[in-house]
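Written out below as C-alpha cells is the structure these notes cover.
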2 protein chains.
Amino acid sequence: MKDKDINQMFLSIGIKNTKHRRDIIKILDASNKPLSVEEIYLLLKENNSSINLSTVYRTMEKLIEKNIIIQNNPFNDNIYRYQMCKDKHRHHIVCIKCSKIVEIEECPFKDFEDKIKKETGFDIENHKFEIYGYCNNCKKNKE
Amino acid sequence: MKDKDINQMFLSIGIKNTKHRRDIIKILDASNKPLSVEEIYLLLKENNSSINLSTVYRTMEKLIEKNIIIQNNPFNDNIYRYQMCKDKHRHHIVCIKCSKIVEIEECPFKDFEDKIKKETGFDIENHKFEIYGYCNNCKKNKE
DNA sequence: CCTTAAATGCGAATCGTTTGCATTTTTGTC
DNA sequence: GACAAAAATGCAAACGATTCGCATTTAAGG
C-alpha cells in the first residue's frame with residue numbers, strides 16, 4: 001500500500017495520520033497472515049520504529065472500529081490476530097504443529113448463511129471459520 | 001447421562017472417579033450450549049457443591065486430553081467455553097447483543113474440507129466455525 | 001503560530017488462566 | 001478394613017495478554 005493511499009484512507013475515515021499508524025498499516029498490508037499485537041510490535045522494532053505496546057493495542061481498536069482491519073479469534077493460544085479487510089472475504093488454514101498459515105481461496109458459506117437465517121431467525125452479521133491440520137512439512141512426523 | 005455411564009467412562013479412560021468430576025460431566029452433558037469455567041463453577045455452587053476454580057480448570061484439561069470434551073474458541077470475550085464431544089459434530093450461532101447461543105442442525109463442511117486438503121496439501125484434523133448475528137428478540141433494536 | 005482534540009508513553013491494574021505445594025481422596029493390594 | 005502410591009484438590013501466588021488513567025506530545029485547522 002502506497003503512502004498516498006494510506007494518507008487518503010486516514011483522511012476519509014477521519015482519524016489522525018501518524019507515523020505509527022502508517023507503519024502499522026504497511027505491516028498488516030504486507031503480511032500474508034493475520035498478525036498479533038506482539039508480532040506487529042516486534043516488526044516495528046526491527047524497523048527501528050520505537051513504539052509502545054499500548055499504542056499498538058489502541059491502534060488495533062481504532063482500525064477495527066473504522067472497519068479497516070478485522071480481529072480473528074485466537075487459535076489455541078488466547079492471542080488475538082489482526083488482518084486488513086481486503087475487498088475479498090478470506091479464511092485461513094493453520095498448521096497444528098508449526099503454526100504455518102495459508103490463505104484459502106474461496107468462502108463457501110454464503111448459501112449456508114441464508115439457510116441458517118431461515119432456520120434460526122437470526123439476522124446474520126458475520127462468521128468466523130478456522131480449519132486446522134498438518135501442513136506438508138509437518139504431516140510426515142505428526143509425532 | 002446416568003451415574004452408571006459416567007462411572008464406566010472414567011474407568012475406561014483411566015482417570016479417577018470423583019464427585020466433582022461426575023458433577024461436571026452431568027452439567028456439561030445437560031447443557032445445550034458450551035459453558036465457560038466460570039459458568040460451570042457457579043452452577044456447581046448453586047447445587048451446593050463447593051469446589052475450587054482451579055479444580056474446574058484442571059478437570060477441563062483432563063477431559064480434553066481424554067477427548068471427552070472440546071474447547072471452543074473465545075467468541076469476543078477471551079473466555080474459553082467447553083462442550084461434550086457428542087456423537088454428532090455441532091456448530092452454534094451466537095447473538096451479538098444478548099449472547100444467546102443456538103445449535104445449528106448440520107455441518108456442511110465435509111466437502112469443503114476435502115477441497116481444501118487438495119488445494120493446500122494439509123492433513124486436516126479439525127475445524128471451528130462460528131456465526132454471529134442478532135437473535136429474534138434483539139434484531140428489532142440493534143441500536 | 002496557536003488552540004484543541006486526538007494520540008502516545010508509561011506504569012499500574014485487570015482478569016481469565018496456570019502453577020507450586022501441602023493436604024486429601026481414590027484405587028488396588030494385602 | 002488397613003495401607004501405600006498415585007492422582008486429585010484447595011489455596012494462594014504467579015502469569016500474561018490486554019486495558020486503563022493520566023501526564024505529555026503531536027496532528028489538524030484556523
Side-chain angles (χ1 to χ4, degrees), chain A residues 3 6-25 27 34-45 47-66 68-82 99, chain B residues 3 6-25 27 34-45 47-66 68-82 99:
Chain A
D3 273 329
I6 296 176
N7 294 341
Q8 173 53 40
M9 184 183 77
F10 286 137
L11 190 62
S12 69
I13 62 178
I15 68 174
K16 286 192 178 168
N17 184 345
T18 68
K19 175 161 173 14
H20 285 155
R21 285 179 175 170
R22 288 192 299 274
D23 290 346
I24 288 174
I25 288 291
I27 284 176
L35 297 176
S36 68
V37 164
E38 190 76 19
E39 287 166 334
I40 295 170
Y41 174 74
L42 291 177
L43 283 169
L44 285 169
K45 264 198 170 169
N47 295 4
N48 301 316
S49 179
S50 135
I51 191 174
N52 193 276
L53 255 186
S54 355
T55 304
V56 184
Y57 277 106
R58 279 191 273 232
T59 302
M60 295 300 102
E61 201 178 353
K62 191 62 89 174
L63 293 176
I64 289 170
E65 182 192 320
K66 299 297 185 180
I68 305 300
I69 65 174
I70 59 167
Q71 181 187 56
N72 284 2
N73 284 339
F75 300 123
N76 275 307
D77 54 8
N78 228 3
I79 296 174
Y80 286 108
R81 288 180 175 75
Y82 305 85
S99 295
Chain B
D3 273 329
I6 296 177
N7 295 340
Q8 173 53 40
M9 185 184 78
F10 286 138
L11 191 62
S12 70
I13 62 178
I15 68 173
K16 287 191 177 166
N17 184 345
T18 67
K19 175 160 174 17
H20 286 155
R21 284 178 177 170
R22 288 192 299 275
D23 289 347
I24 289 175
I25 289 291
I27 285 176
L35 297 176
S36 68
V37 164
E38 190 76 17
E39 288 166 333
I40 294 170
Y41 174 73
L42 292 176
L43 284 169
L44 285 169
K45 265 199 169 168
N47 295 4
N48 300 316
S49 178
S50 135
I51 190 174
N52 193 277
L53 255 187
S54 357
T55 303
V56 184
Y57 277 108
R58 278 192 273 232
T59 302
M60 296 299 102
E61 202 178 350
K62 189 63 89 174
L63 293 177
I64 289 170
E65 182 193 319
K66 298 298 184 181
I68 305 301
I69 65 173
I70 60 168
Q71 180 188 56
N72 284 3
N73 284 338
F75 300 124
N76 274 310
D77 53 8
N78 231 2
I79 297 173
Y80 286 111
R81 287 180 175 76
Y82 305 86
S99 296

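Chain letters run A, B, ... following the sequence lines, proteins first, then strands; residues in each count from 1.
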- Taken to the nearest whole Å, CG/B/L35 to P/C/dT17 is 13 Å
- Note on the structure: From CD1 of B/I79 across to P of D/dT18 the rounded distance in Å is 14 Å
- Note on the structure: With A/I24 as partner, the option from A/I40, A/L43, A/I69 fulfilling side-chain contact (heavy atoms from CB on, under 4.5 Å) is A/I40
- Message: I want to check something: taking the side chain as every heavy atom from C-beta on, are A/M9 and A/K66 in contact at a cut-off of under 4.5 Å?
- Response: no
- Note on the structure: Atom OH of A/Y41 and atom C1' of C/dG9 are separated, to the nearest Å, by 11 Å
- Which nucleotide in the list D/dG10, D/dA8, C/dG9 gets nearest to the side chain of B/H20? D/dG10
- Compare the minimum distances between each of C/dT8, D/dC11, D/dT19 and the side chain of B/N52, then state the nucleotide with the smallest one. D/dC11
- Measure from CZ on B/R58 to P on D/dA6 and round the result to the nearest Å. 19 Å
- Item | Out of C/dA7, C/dT17, C/dG9, whichever nucleotide has its closest atom nearest the side chain of A/R21 | C/dA7
- Query: A/S54 side chain: which of D/dT9, C/dG11, D/dG21 is closest?
  - Reply: C/dG11
- Query: Is any side-chain heavy atom of A/V37 closer than 4.5 Å to a side-chain heavy atom of A/Y80?
  - Reply: no
- Item | Nucleotide C/dA7, atom P - distance to CD1 of A/I13 in whole Å | 10 Å
- Query: How long is the line joining CE of A/M60 and P of C/dA7, in whole Å?
  - Reply: 14 Å
- Query: For DNA chain C, whose closest nucleotide is more 5', that of B/E61 or that of A/T59?
  - Reply: A/T59
- Query: B/K16 has a side chain; which of D/dA6, C/dC10, C/dT18 sits nearest to it?
  - Reply: D/dA6
- A/V37 or A/I15, whichever maps to the more 5' nucleotide of DNA chain D: A/V37
- Message: Side chain of B/Y57, heavy atoms from C-beta onward: which of C/dT27, C/dC10, C/dT18 has the nearest atom to it?
- Response: C/dT18
- Item | First of B/S36 and A/T55 reached from the 5' end of DNA chain C, by closest nucleotide | A/T55
- Item | Value in whole Å for how far the P atom of C/dT18 lies from CG of B/N78 | 12 Å
- Rounded to whole Å, OH of A/Y80 lies from P of C/dG16 at a distance of 12 Å
- For A/N52 and A/S54, does a side-chain donor sit closer than 3.5 Å to a side-chain acceptor? yes
- Task: For the residue pair A/N78 and B/N78, establish whether any side-chain heavy-atom pair is separated by less than 4.5 Å.
- Result: yes
